[in-house]
Amino acid sequence: MKDNSDIVRKINDVRKKKNAVILAHYYQTGDIQDIADFTGDSLALSQKAAETNADIILFAGVKFMAETAKILAPGKKVLLPDLMAGCSLADSCNPIDFKKFINDNPGRTVISYVNTTAEIKALSDIICTSSNAVKIVESLPENEKIIFAPDRNLGNFILNKTGRDMIIWKGTCHVHEEFSLEGIIKLKKQYPEAKVIVHPECELPIRLVADFIGSTSALLSFTEKDDSKTYIIATEPGIIHQMKKSNPGKLFLHVPPRDSTCGCEECSFMKLITLEKIYNCLLNEAPEIIIDNDILIRAQKPINRMMEISRRLGL
Ligand code: 13P
Ligand code: SF4
């Protein structure tokens, strides 16, 4: 295993000197999760960003997450160690087409997943994450008509749970749409006792064979409370780092993609972040997340609405 002690010491020195907080998503590599001040799912990371006293937030994650932190804490400097850390799902919904989609379907409340650009958030009424999406939809009056974007799998998952009148944008994530059902069946034959746990961004056939479906933090806490010994995991494999840490005696098996040459076994965007880039980013205070002020102000409203509903429901 690589000795990271030198770079970790340098990161610790600079983050202390600059009063910076490092927030890491569960899809980051284990070495980054281990040095973060806080590791969590999209909702928990947004909540942390909103309440931190630090002067600088360094986001070890992807751009939409860092943008959400900036929108929630506009007075702080928000850094993302590599601006190329995007998201194929966020990219599947562009503002011009989305505006037309909203205009073509008038009279609907626009709920957008947090995996969207700031521009898409600015066009939305409420934001949700995978951990509060169903509850947010259920919190609305039953007859309220909804547009949901951009993930068609999460949208269908919410639709099946709530039965609400929803029109769904047809976006997907390149990691979650690729999991192989055959791969799950093979693993299940080898480990018949294993539980299949799945992120709601996965396609329907994968969700249908799941023992449990949830956000990254919900999947993690399922493995902590459940008494099985083996799990078959259909989400980005970074989360397995935390699962192993909190369940040392258990076995975690990752579902392979349908096409072994697709390069989508992990989130290539998340994996652009490295300890070296984190250090340089803290040192140079760049790259920094800058959002056009008009977009930032308009994106605040739907994010604050999500935070408010989450607080009210104790999520
Ligand atoms: P979570 O909110 O469940 O952590 O998911 C984030 C994500 O990007 C899923 O692909
Ligand atoms: Fe986006 Fe998919 Fe990566 Fe999540 S795993 S950040 S949805 S590309």
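Whatever order the structure lists them in is the order used to number ligands and atoms, beginning at 1.
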> Thinking salt bridges, do E276 and K2 make one under a 4.0 Å N-O criterion?
Replying inline: yes

>> If the cut-off is 4.0 Å to any non-hydrogen atom of Y27, which atoms of ligand 2 fall inside it?
In response: 4 (Fe), 5 (S)

> Is a donor on one side and an acceptor on the other found under 3.5 Å between the side chain of K48 and the backbone of T39?
Replying inline: no

> Would you call C173 a ligand 1 contact, heavy-atom distance under 4.0 Å?
Replying inline: no

> What residue and atom, counting heavy atoms only, is the protein's closest point to atom 2 (O) of ligand 1, and at what distance?
Replying inline: S42 OG, 2.8 Å

> What residue and atom, counting heavy atoms only, is the protein's closest point to atom 8 (O) of ligand 1, and at what distance?
Replying inline: N115 ND2, 3.2 Å

> Among L219, V175, T235, T216, which one has a heavy atom closest to atom 4 (O) of ligand 1?
Replying inline: T216

> Is atom 1 (Fe) of ligand 2 less than 2.8 Å from an N/O/S atom of C87, whether that atom is in the backbone or a side chain?
Replying inline: yes

>> Any heavy atom of E201 closer to ligand 2 than 4.0 angstrom?
In response: yes

> Given H176, H199, E201, E236, which has its nearest heavy atom closest to atom 5 (O) of ligand 1?
Replying inline: H199

> Does at least one non-hydrogen atom of M270 fall below 4.0 angstrom from an atom of ligand 1?
Replying inline: no

> Which atoms of ligand 2 sit under 4.0 Å from any heavy atom of S88?
Replying inline: 8 (S)

>> Between R9 and D6, does any side-chain N to carboxylate O distance fall below 4.0 Å?
In response: yes

> Looking at H174, which atoms of ligand 2 are within less than 4.0 Å of one of its heavy atoms?
Replying inline: 8 (S)

> Going by the atom numbers of ligand 1, which of them fall below 4.0 Å from some non-hydrogen atom of Y27?
Replying inline: 7 (C), 8 (O), 9 (C), 10 (O)

>> Under the criterion side chain to side chain contact (heavy atoms under 4.5 Å, CB included), I'd like the reasoning laid out for F269 against H174: C-alpha separation, chi angles, the key distance, then a yes or no.
In response: CA-CA 11 Å; F269 302 107; H174 73 301; 3.8 Å; yes

> atom 3 (Fe) of ligand 2: which protein heavy atom is closest, and how many Å away?
Replying inline: C267 SG, 2.4 Å

> CE of M306 to OH of Y113: how many Å apart, nearest 0.5 Å?
Replying inline: 11.0 Å

> Is it the side chain (CB and beyond), the backbone, both or neither of T129 that lies under 4.0 Å from ligand 1, heavy atoms counted?
Replying inline: neither

>> Please report the interatomic distance NZ(K135) to CZ(R312), rounded to the nearest 0.5 Å.
In response: 13.0 Å

> What distance separates L296 CG from L72 CG, expressed to the nearest 0.5 Å?
Replying inline: 9.5 Å

>> Would the distance check show the side chain of R258 and the main-chain N or O of E177 forming a donor-acceptor pair, the cut-off being under 3.5 Å?
In response: yes

>> Is the distance from the ring center of F212 to that of H199 below 6.0 Å?
In response: no

> Which protein heavy atom lies closest to atom 2 (Fe) of ligand 2, and at what distance to 0.1 Å?
Replying inline: C173 SG, 2.3 Å

>> So, 4.0 Å and heavy atoms of E236: is ligand 2 close enough to count as a contact?
In response: no

> Backbone N or O of T29 within a donor-acceptor pair of the K271 side chain at under 3.5 Å?
Replying inline: no

>> I'd like to check which ligand 1 atoms, numbered from 1 as shown, lie under 4.0 Å from a non-hydrogen atom of S215.
In response: 3 (O)

> Hey, which atoms in ligand 1 end up nearer than 4.0 Å to a heavy atom of S130?
Replying inline: 1 (P), 2 (O), 3 (O)

>> Name the residue from N153, D151, T235 that meets the side-chain hydrogen bond (donor to acceptor under 3.5 Å, both in side chains) definition with H176.
In response: T235

